Amino acid sequence: MDLGFVVAIFLIGLIGSFISGMIGIGGAIINFPMLLYIPAALGIAEFTAYEVSGITAIQVFFATLGGVISYRKGGFLNKKLIGYMGVSILIGSFVGGLGSTRMLESAINVVYGILAIIAAVMMLIPKKGLDDIPFEQIKINKWLAASLALVVGIGAGIVGAGGAFLLVPIMLTVLKIPTRVTIASSLAITLISSIGAIIGKVSSGQVEILPSFIMVVASLIASPLGVLAGKKVNTKLLQLILAILIVTTAAKIWIDIFVSSN
């Protein structure tokens, strides 16, 4: 076991999981490109998109688990929203996880890029007055929520993500859920989603044991710390951080797709 390899994977897991807890995503939008490019650039490992999606699926589960545990007493978990979207995204992620084995590696990267662009566009839409809605007055269109979660789940299962990087913009922009409720509930929904993705990835042999274990340790440490930070940060700043993150990642993924195709 190379120390440089362990340290690099651990730091990637820490960064992704901290941001996961802070802004309510599983961390895949951070960890997928970092795992794909950083170890290769450092010359310590070179993961395929299949391996990265498998490792990411494991990391997302434990990062969101740590986040949900930290949020359980905060009063921001919307059980109805979690129920409607959780079941749908679980089914979708399982289907996507199994279906990814029939896809070319380049196709997996394209799916990831498309999802990131959709999320980026939605995060740029103004969300005025969103956080003025009291918890008890939040209205949920259960059929719309379930349908959108199913679609997100399929795409998330393909790339090994929990889907929160797309789920959060949908909850904020389409379903009109206040920011802190969105962050807390999306962690719980993504936790459910990641179960389907893990089953699909493990059953198809796409999970690397050692890097996955290192990511798990990092996730359980950093995700609760991210939740603590997120509770203290202004909701507008949280939305801005997520928007910048998604736009940057989408740009990077598509630049690499175009470069590799030429």
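From a predicted model like this one, the values you see are computed outputs, not experimental measurements.
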Using 0.5 Å steps for rounding, measure from the [atom1] atom of [X] to the [atom2] atom of [Y].
| X | Y | atom1 | atom2 | answer |
| --- | --- | --- | --- | --- |
| S212 | F62 | OG | CZ | 10.0 Å |
| L81 | N141 | CG | CG | 11.0 Å |
| I214 | L210 | CD1 | CG | 4.0 Å |

Minimum heavy-atom distance between I192 and L90, given as atom pair plus value: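 That closest heavy-atom pairing would be O-CD1, 3.3 Å.
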For the side chain to side chain contact (heavy atoms under 4.5 Å, CB included) test, which of V181, T179, I189, I183 pairs with M171?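 Result: among V181, T179, I189, I183, I189 is the only option passing the side chain to side chain contact (heavy atoms under 4.5 Å, CB included) with M171.
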Minimum side-chain heavy-atom gap [X]-[Y] below 4.5 Å:
| X | Y | value |
| --- | --- | --- |
| R180 | L238 | yes |
| M85 | V152 | no |
| L148 | V174 | yes |
| I91 | I154 | no |
| L14 | F18 | no |

Mark yes or no for whether S70, through its side chain, and V227, through its backbone, hold a donor-acceptor pair below 3.5 Å.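 Not a single qualifying donor-acceptor pair exists.
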Indicate whether any N or O donor in one side chain lies under 3.5 Å from an N or O acceptor in the other, for S17 and S219.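 Present: a donor and an acceptor within the cut-off.
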